[in-house]
Amino acid sequence: MASPGGHGGGAVSTRGGGGTRRMKWALELSLGNTRQFPVPSCRSRGDRQSSQGDTLYPIGYSDKPVPDTSVQEADRNLVEKRCWDVALGPLKQIPMNLFIMYMSGNTISIFPIMMVCMMAWRPIQALMSLSATFKLLESSSQQWLQGIVYLIGNLLGSALAIYKCQSMGLLPTHSSDWLAFIEPPQRMEIMGGGMVL
Amino acid sequence: MANLRTCLAFLFLCCSLCDAVYEDQVGKFDWRQQYVGKVLFAHFESHSQASKKLILATDKNIVASLNPRTGDLFWRQVDKAGPEGHIDTLLFHGQDAVVVTGNGRLLRSWESSVGALNWEMLLDPGSFLAAVLVGTQDSVKFVAVLKKATVSLHYLSNGHQKWTETLPDSDTVHYQAVYSSGGSQLFVLGVVPHSHLSIITFNIEDGEITSQRSVDAPWLSSIQARCTVVGQGVLICADASTLSLYMLPLSSEEPVGLQQVPLQSLDLDLALGFQPVLLTTQPNPARPPLAQFFLQLGPDHHVLLQLSDGHLSPLRDFQPAFLVSFATTGEKTVAAVLSPKNETACSVSLYSADSGRRLLDTTVTIHLDPNGGKPEKLYVHAFLKKDDSVGYRVLVQTEDHTITFLQQPGRIVWTREEALADVVTMEMVDLPLTGTQAELEGEFGKKADGLAAMVLKRLSSQLILLQAWIAHLWKLFYDARKPRSQVKNEVTIETLARDEFNLQKMMVMVTASGKVNWLKGEAVLLTLSLTLFGIDSKSGMVLWKHYLRNVQPNAVFKLMVQRTTAHFPHPPQCTLLIKDKETGLAALHVFNPIFGKKSHVTPPTLSRPVLQSLLLPLMDQDYSKVLLLIDDEYKVTAFPSTKNVLQQLQEMASAIYFFLVDASQGKLSGFRLRKDLSTELIWEVVIPPEVQKIVAVKGKRANEHVHSQGRVMGDRSVLYKYLNPNLLAVVTESVDTHQERSFVGVFLIDGVTGRIIHEAVQRKARGPIHLVHSENWVVYEYWNAKSRRNEFSVLELFEGTELYNSTVFSSLDRPHLPQVLQQSYIFPSSISTMEATLTEKGITSRHLLVGLPSGAILSLPKMFLDPRRPEMATEQSREENLIPYAPEMPIRTEWFINYNQSVTRVRGIYTAPSGLESTCLVVAYGLDIFQTRVYPSKQFDVLKDDYDYVLISSVLFGLFFATMISKRLAQVKLLNRAWR
């Protein structure tokens, strides 16, 4: 994509005709517009459109047909579908994760560790931004069901990650993992002696 | 399968262990000092003015050659220890040092320049009495050896026997001396005590007896000590009872009796109860001895006498004079006399042997170390100076076996501390903090005296620190300019300070060198000289020594560190317990281990014989640990015994136990302390002494730490170690030494309760047994009499997968016996001593340091001695890093921590932790002393020597600058793009 400045210049110049030479900037005085298009800071497309609208059409005119504001049945279904997509996303990832898990094996090296980290991090991230997701699902009628499904999917994902950690032996679940923290026992008796000198 | 196993083991080793030093590390952390022992015979090899070599024979059965300039060894030949290698005599002629060893067993000749063996002859059996060099026609050709019943003549060039003759009436006559004066005759002198003297003359050419006569001498009991030959073959004997000298011409044909010369007629007087001693010299064996001789009349009284025309006349009287000696150079013979000057100095002067006149400018002053012994032996090497006057050097041996080589006018050329060949026990003590550090520490020790004063004090001490740091920097800068060889690190007691990682320590060594008399193969100690040494562990320099007088010959020692250097301003304190075995009475010598000075603390007087001592972890208010001494009534004396200590002892009494092992009765008994410092017997174990005798009892070292309380198994569960601090390993040997019936027993006994935790019997095994007891394991080595090989056996104790009580350990509350695992291995060598490495926190894996008779010190990883080594490698055992069991234990030369620096006759290995967890300090002592550091798990806490600081820092800086530059470039590029 060309830079907005270049594009703007292009738009202006192409209006004059397909064969016109591309210029760095130009003033189109005939339109009664003193705006300099190739200002580097002029990047907003909406700004340009409105300026075009200003010059070509009267205020309030729109060349698009006015959308039907009444919510149609098909759209509702679409929203519902979209929301279900969001809700089922984590669950759909699980088979994929299982496959990756199987492929990466149980050895502790950089790749399996990265995989596990990714697998663990994604559900956690999702759970942390749960409220944002819920807002997204607000428009759906089955909001709560979808929310729960989404939650369960993520929990399952993190459980899978934990299971992977477990099978890789990264969880301190054995007594040997706590061995280093055992203090040497205190000695109750003092004893000494030896062969009679 | 075995092949695969060894392969696996090999691979495992290759990737995990490498102990050997690199070539450039040689001598960097380690040092070795070689000793020879107490000098018995010394000769100077002198062809020119400068003596080239000093040939010594010592009580350690060593013939050695020293460099007279430096005192270093040229060569050293070490014979078997004990009576078999005992050096009976050393004769020296030209380049040959002829030695008779093993009570006349062997006659050897050593080449003096390189120490090679010229020849060796096995002599006929019979106890050795005397040997002389025999010369004919002005050249020395033979060696005559006198034995109890025979006399034999050997060629000096090849050792072959020229002739051997049986001596007549050898069962009644004690032949004791042999003499030749360059003629064709060899005289053998014998005595029938308190009856008569027997003189036999042999023809040197064919060994024929040319004459045989006996002279009445009812006062004579022994020739060796009392008689000597002077001048033209005149025998002179001294007798204390009649206070007279006797003369007898040996070669006269007509039967002449002994001519008596009373000492009074010579105006001489014998000291009361003193046996006179005669000293003569025969500069050339092919010529008769000198007519002048010394007569010692008292401990400090010598007389130079002359025999001329059959008349004795005194030349000069020396009093006081401790030691006398003759020395010959060219045609001149001089007498050297050592006389005391004052309390701390002696002087040696030369006198002309012919006239007894004092030679001018020949006095050498010897300054005696007040902590050393008195001079004991004097060897003089005389040489002719360019102006034809006589110059000389002296070798003085003192009672503490120091040999000092001096030259005129009293300059010490070198000193050797030969007592260090007899180290009995040692300890390593941390060095004190530096003066500035101590200053800072002292600030906290003193009582507060106002805020402003405190601030001022703090500021001043900080200023001192800064000053010291700048001085240090300046010194670094100053030294850096000098060539490296010139920078010498002078170590003195004053500059001693603890280094960053506490790697430099003070080695306190107790040496006890006894004068041994071999009687039928049994050593009888006559005297014992006890010296304490303080040695810097980094350089091996002797920083102080202290000679203790009046030590009984049968004494035993125990060295304890009562206070370490950690308690500034209190000085560190060591205590040496000296117990006389005969009377049982003991004395304590309390001293400062850093300076060697005797402490002003008065040790308790011990009126009863002491059985054992026990160093408690309790401290008095001066931070000195309490030493308990148990006497033969089982009462306890505490040292120090302040009120504070007694109070603590009363509180603690019920928790203090001790055990005594009486090896002769096979009895082990345990006692508990009562509040009134008496004891009660609480247990007794008797091991019948008719069947087996206790040879060793070992507890654990008090300063040992165990970091890990268990072992991680393959399935990641834990097998907890049985870490009983009160556990004793008792080793017994069977009295019956028959190959089929002999056995070795190992008992693990709890020292508090007397409970036998485990017992194992190794059948068909024999000692000597070497034992190491540490953590939860016991390793011992024995001789397998059936398979005729040395074997290692390891016992390991585990509590199981659950701890009974993880917070406290009490022997009184341990209902379950531990699980005991055992495994044995074949070791391809016999061993001399064994010790385990020790580190500060016990995180580092352990190695066993094994001293081999070859002089090597092997660092054997403990994981080879692990009873959990499986027969077949499984998944779990691999997980646990267990090496599959292989019966043979390898000796790999990379494991020799002393590479080629053999420690001859290694007797003991001492290990001490350093400030670095990875590093353990090791001292091996025997005839030599070797000090090094070992890293059982490699240096995990230190950057390697060859760490590439330049590369790493250049990469870092490079990356940093690259980042800066690329950042700048990126900015420029962005701006440019924006302007496009």
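We name chains A, B, ... by the order of the sequence lines, and we start the count at 1 in each one. Just so you know, these numbers come straight off a predicted model, no measurement behind them.
The part of E183(A) that comes within reach of chain B is its backbone (N, CA, C, O), which places non-hydrogen atoms under 4.5 angstrom from that chain. Both the backbone and the side chain of I694(B) come within contact range of chain A, judged by heavy atoms closer than 4.5 Å. Proximity to chain A is limited to the backbone of D715(B), based on heavy atoms less than 4.5 angstrom apart. Within the 4.5 angstrom heavy-atom criterion, only side-chain atoms of V556(B), from C-beta onward, approach chain A. Heavy atoms closer than 4.5 Å to chain A are found in the backbone of A696(B), but not in its side chain. Only the side chain of Y720(B) comes within less than 4.5 Å of a heavy atom of chain A; its backbone N, CA, C and O stay farther away. Heavy atoms closer than 4.5 Å to chain A are found in the side chain of M652(B), but not in its backbone.
In terms of heavy atoms, R711(B) sits closest to L179(A) at N-CD2, 4.4 Å.
Residue E875(B) qualifies as open at atom CD: its count of foreign heavy atoms under 6.0 Å is 12 or below. Around NZ of K92(A), the count of heavy atoms belonging to other residues, nucleotides or ligands within 6.0 Å exceeds 12. Counting non-hydrogen atoms of neighbouring residues, nucleotides and ligands closer than 6.0 angstrom, the CG atom of L974(B) exceeds 12 such neighbours.
Under 3.5 Å, the side chains of Q186(A) and T807(B) contain no donor-acceptor pair of N or O atoms.
Among D750(B), V752(B), L614(B), the one residue that satisfies the side chain to side chain contact (heavy atoms under 4.5 Å, CB included) test with M191(A) is V752(B).
Across S654(B), A702(B), G699(B), G751(B), the residue that shares the most heavy-atom pairs under 4.5 angstrom with chain A is G751(B). Taking L611(B), L577(B), L668(B) one by one and counting their heavy-atom pairs under 4.5 Å with chain A, the maximum is reached by L611(B). Taking chain A as the reference chain and counting heavy-atom pairs below 4.5 Å, the highest number among W979(B), Y657(B), F659(B) is found for F659(B).
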